[in-house]
Amino acid sequence: MSPPEPGAVTAAPLPVLRRRGVLFAAGALVVSAGVTVAVLATGDARAGRDGQALAPGGLPHTTIQVATSGCGRGWTHPVPGPQVFDLHNTSATPAEVYLTDAGTGAVHGEVEGLGPGTTRPLRATLGNGSYAFTCLPDDADAVTGPTVRITGGGSVKSGPAAVPVTQQELIPPTLAYQKWIQARTVELARETDVLRAAVDRGDLAAARAAWLPAHLVYERMGAAYGTFGDADAQIDGTTAGLAGGVRDRGFTGFHRVEYGLWHGESASGLRGPADRLDEAAHALRDRWPDQRMDPADVGLRAHEILENTVQFELTGRTDYGSGTNLATARANLDGTRVLLGYLRPLLKTRTTGLTGIDAWTNRAQHTLDACAHDGRWTPLAELSRAQREKVDADLGELVERLADVAALTDVRRTA
């Protein structure tokens with residue numbers, strides 16, 4: 001969803017994480033887009049062995065050639081433990097580079113957008129096993145370099161690695177999620193009918209009571225917003241980019257109705273916005289069976305839902321009077337949990353981090369639920385400092401851990 005213009009901010013936003021950010025303790029592989037991969041581990045480096053160059057931090061460095069005719073060349077003295085590979089692109093085109101397990105294909109590290117003539121570090125911890133670099137130049141086939149075997153590692157274990165997910169593997173969970181969304185569109189249309197009817201009969205107290213249940217149905221569908229197209233702005237648009245702000249004719253949907261309901265607008269003035277919201281919800285319900293979500297985006301959405309929550313809901317930037325940002329955050333959490341359920345069969349074989357994600361999801365839910373009393377959600381401005389810090393910290397930690405899901409479900413090139 002598009003954010004509104006600044007002005008209703010109640011606290012500074014937390015840092016917003018993007019896909020492929022860093023490697024977290026959950027044990028999943030995540031990389032830095034266009035720069036470097038980090039597969040990190042603690043422990044002392046085994047420096048100076050076999051004439052390898054040493055970095056100031058004590059880790060051995062190995063320069064690796066990246067080119068279609070020489071992918072992976074330079075790794076002539078393999079050693080176990082933490083180390084750095086300096087990937088040098090000697091070709092004339094940008095390339096992606098993977099450090100893989102030669103037997104399973106699991107990716108231990110990855111660098112994207114390695115430009116011609118540039119060098120980027122890839123840090124990894126490797127135990128006994130067979131490894132190879134795969135180079136994927138732009139507009140050219142993938143090339144896998146020579147297999148390198150590491151022995152004598154003793155108790156040294158390799159850092160996190162994950163077998164890449166294929167587009168085909170993502171289709172079943174995507175179709176199942178689409179079916180779940182279809183049921184939610186039916187529910188949404190039913191709830192907006194109730195809201196519209198209350199406004200039509202002039203019962204604004206009933207309309208205020210109906211507004212939140214309807215809005216939360218929509219907020220639970222966060223992973224599908226990209227497929228909704230223009231319907232998202234029609235149903236849940238904000239004043240972002242609108243010259244007239246809340247008075248702009250282009251301001252429509254839930255937030256337009258919210259603004260009127262909590263700023264003393266008459267029922268007659270709200271009938272048009274409520275009618276248009278209900279019509280948009282019905283149109284989405286009717287069109288959804290013909291829509292197709294992109295399987296390659298589903299894992300990313302599992303991270304983005306709460307990323308947007310931290311950026312917009314927890315800063316109050318989407319509050320147009322109801323004070324229900326924390327209820328929205330709770331609905332976003334519900335939507336994230338649903339999507340993770342569909343992705344779980346793929347994730348549980350690729351990461352040990354699901355237990356941590358589940359624990360932080362439950363913790364965030366408990367924290368948010370504590371902000372609701374007798375059916376009323378505490379507005380952000382009424383939270384104590386301690387409450388606010390806990391909400392921000394718990395949601396922020398969960399967002400970081402969900403970045404692993406985005407990376408693990410990223411469909412990587414294999415040819």
Hydrogens and angles aside, do E313 and T318 bring a side-chain donor and acceptor to less than 3.5 Å of each other?
yes
Please determine if R344 and D358 form a salt bridge, counting it only when a charged side-chain N lies under 4.0 Å from a carboxylate O.
yes
Taking only Lys NZ, Arg NE, NH1 and NH2, and the carboxylate oxygens of Asp or Glu, determine whether R220 and E187 approach each other closer than 4.0 Å.
no
Do T328 and E219 have side-chain atoms, one donor and one acceptor, less than 3.5 Å apart?
no
Report the C-alpha distance between L170 and V165 in whole Å, list the side-chain angles of each, state the deciding distance to 0.1 Å, and finish with yes or no for side-chain contact (heavy atoms from CB on, under 4.5 Å).
CA-CA 7 Å; L170 286 168; V165 171; 3.5 Å; yes
Between Y320 and F251, does the ring centroid distance fall short of 6.0 Å?
yes
Enumerate the disulfide bond (SG atoms under 2.5 Å apart) contacts for residues 88-149, please, sequence neighbours excluded, ordered by first and then second residue.
C71-C135
Is there a donor in the side chain of E279 and an acceptor in the side chain of H282, or the other way round, less than 3.5 Å apart?
no
Closest non-hydrogen atom pair, Q65 against T90:
NE2-OG1, 3.3 Å
For the OG1 atom of T239 and the CZ atom of R247, what is their distance to the nearest 0.5 Å?
12.0 Å
When rounded to the nearest 0.5 angstrom, what distance separates CG in L204 from CZ in R208?
5.5 Å
Are F133 and W75 close enough that their ring centres sit under 6.0 Å apart?
yes
Does a donor on one side chain and an acceptor on the other come within less than 3.5 Å for T192 and Y218?
no
Taking the six-membered ring of W288, is the NZ or CZ of R285 close enough (under 6.0 Å from the centre) and on axis enough (within 45°)?
no
Over 60° means perpendicular and under 30° means parallel, so tell me whether F228 and Y225 are parallel, tilted or perpendicular.
tilted
Those residues at least two apart in sequence (or on a different chain) that pass side chain to side chain contact (heavy atoms under 4.5 Å, CB included) with A370 are none
What's the shortest heavy-atom distance between L314 and V391, and which atoms?
CD2-CG1, 3.8 Å
Qualifying residues under side chain to side chain donor-acceptor pair (under 3.5 Å), relative to R196, sequence neighbours excluded
D275, D278
